[in-house]
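Only one structure is covered here, and it is reproduced in the block below.
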2 protein chains.
Amino acid sequence: MSAEITARSKIRPGKRTNDPEGLRKRVLDVAEASFQARGYNASSLGDLMAAAGVTGGALHHHFPTKKALALAVIEGRVAAAVEATWIAPVLAAGSAREGIRSVFEAVATELEQQGFVRGCPLNNLAHELSLVDPDFRAALAGIFSAWREAIADKIRADQQAGREQDTDPQRFAALAVATYSGAMSMAKTTQDSGVLRDCLNALEHGAASASSSKGGAKRRRRVLIGQRSF
Amino acid sequence: MSAEITARSKIRPGKRTNDPEGLRKRVLDVAEASFQARGYNASSLGDLMAAAGVTGGALHHHFPTKKALALAVIEGRVAAAVEATWIAPVLAAGSAREGIRSVFEAVATELEQQGFVRGCPLNNLAHELSLVDPDFRAALAGIFSAWREAIADKIRADQQAGREQDTDPQRFAALAVATYSGAMSMAKTTQDSGVLRDCLNALEHGAASASSSKGGAKRRRRVLIGQRSF
DNA sequence: GACAAAACAGGACAACCGGTCTGTTTTAGA
DNA sequence: TCTAAAACAGACCGGTTGTCCTGTTTTGTC
């Protein structure tokens with residue numbers, strides 16, 4: 001436990017190089033990873049300082065309180081993660097449904113490769129912090145809102161192209177986000193990413209027909225095995 | 001904050017009545033509520049002791065560690081909550097889809113009445129504890145499994161009655177649980193229970209047609225207002 | 001009533017947490 | 001070069017946390 005590698009080289013005590021942006025980035029990297037792996041409350045500033053190779057004074061200079069650090073992680077990292085893994089791919093896809101499908105599959109594949117499910121960063125923090133502080137809640141709700149709105153916008157774009165005429169953009173977006181969030185929750189708890197593909201399949205088949213239970217690809221039940229993360 | 005009511009009447013210091021089952025129940029009541037409202041890590045044993053009107057010795061006698069208490073809450077209360085609000089109603093319903101619909105609506109109505117969304121007890125604890133401890137993870141995964149299996153069983157029962165021939169029980173169950181879990185996650189974060197009805201609607205319309213956007217019931221956008229809980 | 005076990009009381013404690021404080025070094029601008 | 005602000009170092013502190021420990025009281029059993 002604790003720090004395996006001291007990030008900062010302290011060979012020369014008399015020589016120091018100020019690097020506020022780099023230090024800030026290192027702290028955010030470590031905090032993002034630790035919040036994801038252990039949660040906000042279980043991440044102590046001492047652990048973060050050690051892992052980032054940062055002293056208390058430096059940390060306090062950039063992030064006066066733990067709450068400020070978490071808010072910076074949410075607004076600067078979690079929001080970016082949702083943008084990168086969901087919003088951008090969906091908007092760039094040929095259609096909303098194609099985009100959603102590709103995201104589900106990309107995430108499932110990634111989880112299978114790394115052999116460990118850490119869950120959705122947004123949902124992880126949302127569950128822990130939404131009821132604790134209004135500022136946290138507002139920041140997290142904003143990310144959910146942007147996420148849903150992007151999907152709804154894509155549906156509207158599809159509709160202007162003559163497709164998805166019977167689809168309600170808002171409701172469909174809510175369903176897509178909810179399905180992904182819930183599937184990741186289960187995948188994290190069971191450490192089995194297969195549920196992501198199950199949900200995608202059921203979602204694509206209109207929550208009804210799942211085609212032939214025989215003949216088709218046998219359902220994979222791949223239970224992932226641990227692997228240290230942090 | 002702290003204890004508003006001291007549950008235990010201490011009028012007679014010399015008179016004491018042993019009530020192990022009652023005390024255990026009181027502790028579990030308080031712990032369940034606090035875990036739900038603040039989470040596991042943010043709930044201190046001191047607060048729980050004060051709220052339940054229990055001394056440290058008594059608490060330690062029944063629950064040697066905080067982990068043991070949480071495990072008891074998960075296995076004794078969270079599992080029962082899922083059974084009562086989901087499994088039993090679905091199995092008792094005329095069909096799986098009817099059961100799912102009634103549960104969604106019942107929960108949405110309940111949330112609207114109490115004006116505050118505390119989230120799904122299972123998902124709340126699952127996000128915070130799944131990666132922390134294997135025992136936690138196993139207990140939580142078991143509840144998810146039972147939940148999904150109950151819905152899948154109901155689909156299979158429907159199929160033996162000639163319905164749902166094109167539905168894959170496992171996948172459909174995964175989608176239902178995921179949708180609910182994710183919808184509750186959003187509802188908690190946005191403090192808006194309307195997303196539950198949005199998701200139910202989208203789910204029932206086969207993730208596609210949401211009927212007329214005009215003429216039909218206007219979508220409710222009811223933002224709930226706070227209300228102390230604990 | 002004797003007695004052992006269960007049930008409970010309440011204090012003690014060591015570890016830890018987040019925040020603050022003072023002091024030093026680096027850096028940018030005039 | 002001088003100077004002030006920014007950047008960083010590192011110790012310090014009050015409060016809290018979970019757990020443990022030693023007693024005392026109640027309760028079931030013979």
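Letters go in sequence order (proteins before strands), and every chain restarts at 1. Quantities reported herein were computed from a predicted structural model and do not represent experimental measurements.
Taking only side-chain atoms of A:K66, from C-beta outward, the nucleotide of C:dG18, D:dC8, C:dC8 with the closest atom is C:dG18. Considering only side-chain atoms of B:S44, the nucleotide from D:dC8, C:dC8, D:dG18 that sits closest is D:dG18. In the set D:dC8, D:dG18, C:dA7, the nucleotide with an atom closest to the side chain of B:L45 is D:dG18. You'll find that the side chain of B:P20 is closest to C:dC8, out of D:dT27, D:dT19, C:dC8.
Two residues, A:Y40 and A:G57, neighbour DNA chain C, and the one matched to the more 5' nucleotide by heavy-atom proximity is A:Y40. With the nearest nucleotide of DNA chain C identified for both A:T65 and B:E21, B:E21 has the one nearer the 5' end.
Here B:H60 does not reach the OP1 or OP2 of C:dG10: none of its side-chain N or O atoms lies under 4.0 Å away. Between B:H61 and C:dA7 there is a side-chain N or O to OP1 or OP2 distance below 4.0 Å.
A distance of 12.5 Å separates CE of B:M186 from OG of B:S193, quoted to the nearest 0.5 Å. In this structure, A:F144 CZ and B:S185 OG are separated by 4.0 Å, a value rounded to the nearest 0.5 Å.
With hydrogens and angles ignored, the 3.5 Å screen pairs no side-chain donor or acceptor of B:D29 with any backbone N or O of B:A52.
Defined by atom type and a distance below 3.5 Å, a donor-acceptor pair is present between the side-chain atoms of B:N41 and B:E128.
D:dT16 atom P lies 16 Å from atom CG of A:N41, rounded to whole Å. Atom CG of A:N18 and atom P of D:dC8 are 5 Å apart (whole Å). Distance A:L23 CG to D:dA6 C1': 13 Å, rounded to the nearest Å. Look at CE on B:M49: it is 14 Å from P on D:dT16, rounded to the nearest Å. Rounded to an integer number of Å, the gap from A:L59 CG to C:dT20 C1' is 13 Å. Note: CG (A:L48) to P (C:dC17) measures 10 Å, nearest angstrom. With rounding to whole Å, A:D47 atom CG is found 9 Å from C:dG18 atom P. B:F63 has its CZ atom 19 Å from the P atom of D:dT17, to the nearest Å.
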### Query
Taking it one step at a time, do A:K25 and A:E32 satisfy salt bridge (Lys or Arg N to Asp or Glu O under 4.0 Å)?
CA-CA 10 Å; A:K25 180 190 181 309; A:E32 179 186 12; over 6 Å; no
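No hydrogens or angles were tested; on distance alone, nothing pairs the side chain of A:R16 with the base of C:dT26 as donor and acceptor under 3.5 Å.
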